[in-house]
S.K.: 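Got a structure for you, questions after.
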Amino acid sequence: MRLALNTFVYEVGKVPVKKALKSAKKFGFEFVDLAAYNSGDPTLMSKVDKEDLLKIFQDFGLKSSQLLLVNTQHIASSNASLRKKTIDYMKRCADFQLELDGKQVLVCWGCGIYEDKMLKEQTWINSVITIQEYANWCLDKKILIDLELDPHVYFIVNSLEKMAKMIEDVGMPNVFPNIDIGHLCITREPPGAMEKVKGRILHVHISETDTFAHTNSIIGSGKVDFKSYLDKLFELGIEENCKRYDEVAVAGIEMGEPGGEVDEPERWVKESLFYIKKNLPELIL
């Protein structure tokens with residue numbers, strides 16, 4: 001399995017995406033999980049900025065393994081205009097991922113958040129309908145949609161059981177589960193729980209936790225038993241799954257939290273790589 005660098009740690013550390021990509025190249029990464037957030041949000045970029053970013057990817061031989069749709073908190077909102085605005089953002093981001101010659105996009109925020117004045121059942125329906133509409137739009141473009149499981153009670157998809165149910169209800173062939181190992185540690189779902197979605201796993205996130213909070217700290221500084229999950233992912237055939245869709249099996253290092261602090265992004269990456277090379281040799285640059 002190949003290792004990718006998620007640019008979110010640089011955004012939190014207030015390092016713009018162009019410098020982040022140069023840093024990724026310096027560390028030897030070929031694959032990048034691009035966070036569509038702040039300086040990395042293509043919907044906020046000028047035409048020149050987009051062209052510059054594309055050129056950096058090309059010149060450095062970088063590949064966009066996943067584009068993270070970070071601003072999707074309103075995907076299941078009771079406000080129809082907010083849902084439409086979210087879908088427009090998702091479409092524009094997917095178009096940019098295609099320009100980067102990538103295929104995978106990630107729906108963040110656990111497929112939506114519960115509102116205190118709307119029934120959970122209606123929130124679920126809103127999420128399903130929005131994802132279905134987006135997946136239909138993505139289908140002929142051959143875009144693969146990964147769904148994120150977020151480990152708190154206010155997220156719609158906050159367990160592998162709900163992930164499997166969401167994929168079933170959406171019922172589209174281009175929708176897949178993203179596996180975030182740190183999230184599964186928080187929700188107390190052992191490696192065997194991934195059997196629920198085994199035939200559709202294409203992408204993995206390596207993130208940290210103290211077992212209660214999703215710290216997104218330096219890899220190796222928390223409590224996650226990454227190896228047991230990776231061993232199970234190989235057993236479940238993640239590499240074979242990816243080959244069926246002409247994708248490379250990738251695990252992205254995810255660090256940094258919105259509103260959090262990252263003092264020196266390169267130090268975080270350096271220390272994480274040191275841990276990974278020592279303890280997870282199956283992940284290669």
Side-chain angles (χ1 to χ4, degrees), residues 33-37 40-45 50 64-150 152 154-180 196-197 199-203 205 241 244-247:
D33 283 359
L34 182 64
Y37 180 76
D41 182 350
T43 70
L44 303 178
M45 295 179 194
K50 287 183 180 180
S64 181
S65 40
Q66 187 183 68
L67 191 145
L68 286 79
L69 305 173
V70 178
N71 297 322
T72 48
Q73 60 268 40
H74 300 302
I75 193 170
S77 172
S78 58
N79 187 322
S81 65
L82 285 178
R83 295 200 304 273
K84 182 182 182 304
K85 183 178 179 181
T86 300
I87 290 181
D88 289 343
Y89 159 82
M90 293 162 69
K91 289 178 178 178
R92 291 172 66 188
C93 287
D95 279 336
F96 189 63
Q97 175 71 328
L98 290 177
E99 288 188 63
L100 291 168
D101 202 26
K103 291 196 297 185
Q104 291 190 57
V105 297
L106 175 71
V107 178
C108 300
W109 288 84
C111 298
I113 53 178
Y114 290 117
E115 299 176 357
D116 58 0
K117 293 181 175 61
M118 183 166 59
L119 291 173
K120 288 186 176 182
E121 292 82 358
Q122 185 60 55
T123 309
W124 181 276
I125 291 170
N126 288 355
S127 182
V128 169
I129 291 172
T130 303
I131 295 170
Q132 281 177 334
E133 179 180 339
Y134 185 55
N136 268 304
W137 180 87
C138 288
L139 196 57
D140 64 351
K141 301 175 187 295
K142 302 190 186 311
I143 295 167
L144 308 176
I145 303 167
D146 304 316
L147 304 182
E148 176 125 72
L149 178 165
D150 270 310
H152 299 298
Y154 43 82
F155 291 114
I156 295 172
V157 172
N158 57 9
S159 70
L160 283 170
E161 181 180 4
K162 289 182 181 178
M163 173 71 80
K165 179 61 175 170
M166 179 61 72
I167 292 171
E168 178 185 357
D169 285 3
V170 170
M172 294 295 294
N174 56 339
V175 175
F176 304 85
N178 186 79
I179 295 295
D180 189 309
K196 295 180 180 69
V197 292
R200 302 189 63 79
I201 301 171
L202 301 180
H203 199 89
H205 284 180
N241 291 345
R244 287 199 296 273
Y245 294 93
D246 197 27
E247 287 287 276

S.K.: Got Glu148 and Val107 here, is their nearest side-chain heavy-atom distance under 4.5 Å?
M.R.: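 Result no, sub-4.5 Å side-chain heavy-atom pair not found.
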S.K.: When you check the gap from the basic side-chain N to the acidic O, do Lys84 and Asp88 get nearer than 4.0 Å?
M.R.: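 The answer is yes: the pair qualifies as a salt bridge.
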S.K.: In Å, rounded to the nearest 0.5 Å, how long is the span from CD1 of Ile75 to CG of Leu69?
M.R.: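 Taking CD1 in Ile75 and CG in Leu69, the distance rounds to 8.5 Å.
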S.K.: Between Tyr89 and Val70, is the side chain to side chain contact (heavy atoms under 4.5 Å, CB included) condition met? List the steps.
M.R.: CA-CA 10 Å; Tyr89 159 82; Val70 178; 4.3 Å; yes
S.K.: How close do Thr130 and Arg83 get, counting heavy atoms only, and between which atoms?
M.R.: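 In this case the closest contact between Thr130 and Arg83 is OG1-CD, 3.8 Å.
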S.K.: Say you draw a straight line from OH of Tyr114 to CD of Gln122; how long is it, rounded to the nearest 0.5 Å?
M.R.: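 CD of Gln122 is found 12.0 Å from OH of Tyr114.
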S.K.: Which value, rounded to the nearest 0.5 Å, describes the distance between Met90 atom CE and Cys108 atom SG?
M.R.: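 One gets 9.5 Å once the value is rounded to the nearest 0.5 Å.
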S.K.: Between Asn136 and Gln132, do the side chains contain an N or O donor and an N or O acceptor separated by less than 3.5 Å?
M.R.: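 There is no such pair between these side chains.
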S.K.: Within a strict 4.5 Å, meaning less than it, do heavy atoms of the Pro177 and Ile167 side chains meet?
M.R.: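 Pro177 vs Ile167: side chains touch.
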S.K.: Do Ile179 and Leu160 make a side-chain contact, defined as non-hydrogen atoms from C-beta onward lying under 4.5 Å apart?
M.R.: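 The answer is yes; the side chains approach within 4.5 Å.
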S.K.: Do Arg200 side-chain atoms and Val175 backbone N/O form a donor-acceptor pair below 3.5 Å?
M.R.: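 Present.
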S.K.: If we ignore hydrogens and angles and just use 3.5 Å, is the side chain of Asn241 paired with the main-chain N or O of Ile201 as donor and acceptor?
M.R.: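 Looks like yes, one N/O pair under 3.5 Å.
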S.K.: Give the C-alpha distance, both sets of side-chain angles, the deciding distance and a yes or no for side chain to side chain contact (heavy atoms under 4.5 Å, CB included) between Leu106 and His203.
M.R.: CA-CA 10 Å; Leu106 175 71; His203 199 89; over 6 Å; no
S.K.: Taking C-beta and beyond as the side chain, do Tyr37 and Leu68 meet within less than 4.5 Å on heavy atoms?
M.R.: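 Heavy-atom side-chain distance check fails, nothing below 4.5 Å.
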S.K.: Are there over 12 heavy-atom neighbours, none belonging to Asp246, within less than 6.0 Å of that residue's CG?
M.R.: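 No.
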S.K.: In Å and rounded to the nearest 0.5 Å, what is the NZ to CG distance from Lys85 to Asn71?
M.R.: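 Output value for this atom pair is 9.0 Å.
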S.K.: Could you tell me whether Asp101 atom CG has more than 12 heavy atoms of other residues or ligands within 6.0 Å of it?
M.R.: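 Atom CG in Asp101 is not crowded, with 12 or fewer foreign heavy atoms closer than 6.0 Å.
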S.K.: Does Asn174 use its side chain to pair, donor to acceptor, with the backbone of Ile145 at less than 3.5 Å?
M.R.: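 Flag not set: sc Asn174 to bb Ile145 has no pair under 3.5 Å.
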S.K.: Just verifying a value: how many Å separate Asp33 CG and Leu67 CG, rounded to the nearest 0.5 Å?
M.R.: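 Separation between the atoms: 9.0 Å.
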S.K.: More than 12 heavy atoms of other residues, nucleotides or ligands under 6.0 Å from CD of Glu247: yes or no?
M.R.: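 It does: Glu247 CD has more than 12 such atoms within range.
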S.K.: Would you say Lys141 has more than 12 foreign heavy atoms packed within less than 6.0 Å of its NZ?
M.R.: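 Yes, enclosed.
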S.K.: Rounded to the nearest 0.5 Å, what's the gap from CE on Met163 to CG on Asn178? Could you check?
M.R.: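 Rounded to the nearest 0.5 Å, the CE-CG separation comes out at 7.0 Å.
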S.K.: Looking at every heavy atom in both Trp124 and Lys165, which two are closest together, and how far apart are they?
M.R.: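 Looking at all heavy atoms of both residues, the closest pair is CZ2-CG, 3.5 Å.
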S.K.: Please check if the side chain of Lys117 supplies one atom and the backbone of Ser78 the other of a donor-acceptor pair under 3.5 Å.
M.R.: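 No; zero donor-acceptor contacts below 3.5 Å.
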S.K.: Looking only at non-hydrogen atoms, find the nearest pair between Ser159 and Leu149 and report the distance.
M.R.: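 Closest pair (atom of Ser159, atom of Leu149, distance): C-CD1, 3.2 Å.
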S.K.: Does a side chain donor of either Glu115 or Thr123 reach within less than 3.5 Å of an acceptor in the other side chain?
M.R.: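 There is no such pair (donor and acceptor under 3.5 Å, judged by atom type) between the side chains of Glu115 and Thr123.
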S.K.: Please assess Thr72 against Tyr134 for the test side chain to side chain contact (heavy atoms under 4.5 Å, CB included), listing each intermediate value before the final yes or no.
M.R.: CA-CA 12 Å; Thr72 48; Tyr134 185 55; over 6 Å; no
S.K.: So, for Ala135 and Met172, which heavy atoms are closest and what is the spacing to 0.1 Å?
M.R.: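 Shortest heavy-atom contact: CB-CG, 3.7 Å.
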S.K.: Taking the side chain as every heavy atom from C-beta outward, state whether Gln104 and Ser65 have any atom pair closer than 4.5 Å.
M.R.: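 Side-chain contact under 4.5 Å: no.
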S.K.: For the pair Ser127 (side chain) and Cys111 (backbone), establish whether a donor and an acceptor sit closer than 3.5 Å, ignoring hydrogens and angles.
M.R.: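 Judged by distance alone, yes, a pair lies under 3.5 Å.
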S.K.: Closest approach of Leu147 and Ile131, non-hydrogen atoms and distance?
M.R.: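 Answer, listing the atom of Leu147 first, then Ile131: CD2-CD1, 4.1 Å.
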S.K.: Closest approach of Trp137 and Lys91, non-hydrogen atoms and distance?
M.R.: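 Closest approach of Trp137 to Lys91, heavy atoms only: CH2-O, 3.3 Å.
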S.K.: Does the side chain of Thr43 pick up a donor-acceptor pair with the side chain of Asp41 at under 3.5 Å?
M.R.: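 Looking only at side-chain atoms, Asp41 and Thr43 do form a donor-acceptor pair, the distance falling under 3.5 Å.
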